[in-house]
Colleague: 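I'd like to ask you about the structure that follows.
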Amino acid sequence: MFVKPKDRHVSSHACRHSFASHLFENGTDIKYIQSLLGHVDPRSTDVYLHVSNKTLLGIRSPFDNPEGGES
């Protein structure tokens, strides 16, 4: 039996959030994202920037380096 997926409404806020989040995850500087979104206050931009688990898992500890964290 085929079940039709529920219709979903996509808001402009969701599109802006997705756009900003993808830019941030791909390494775009927050100041550029802030400018693209037209925000004057950086706190307005922070609302759109949620770091994904994929990004968090990619962070390496300095102690994982072969030098053992030495500079």
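These numbers were taken from a predicted model, which means no experiment stands behind them.
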Colleague: What's the spacing between D46 CG and I33 CD1 if we round to 0.5 Å?
Modeller: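 Between D46 CG and I33 CD1, I get 10.5 Å after rounding to 0.5 Å.
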Colleague: Are any non-hydrogen side-chain atoms of V10 and C15 less than 4.5 angstrom apart?
Modeller: yes
Colleague: Looking at H17, is its backbone amide N or carbonyl O close enough to the side chain of S21 to form a donor-acceptor pair, meaning the two atoms are under 3.5 Å apart?
Modeller: yes
Colleague: Name all residues meeting the side-chain hydrogen bond (donor to acceptor under 3.5 Å, both in side chains) criterion together with D29; count only those two or more places apart in sequence or in a different chain, and write none if there are none.
Modeller: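 None.
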Colleague: Could I get the full list of ring pair (Phe, Tyr, Trp, His ring centres under 6.0 Å) partners for H22, not counting sequence neighbours?
Modeller: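 So H22 forms no ring pair (Phe, Tyr, Trp, His ring centres under 6.0 Å) with any residue.
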Colleague: Tell me every residue that passes side chain to side chain contact (heavy atoms under 4.5 Å, CB included) with L36, counting only those two or more places apart in sequence or in another chain.
Modeller: F19, L23
Colleague: Please name the pair of heavy atoms, one in H39 and one in T45, separated by the smallest distance, quoted to 0.1 Å.
Modeller: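 That closest heavy-atom pairing would be ND1-OG1, 2.9 Å.
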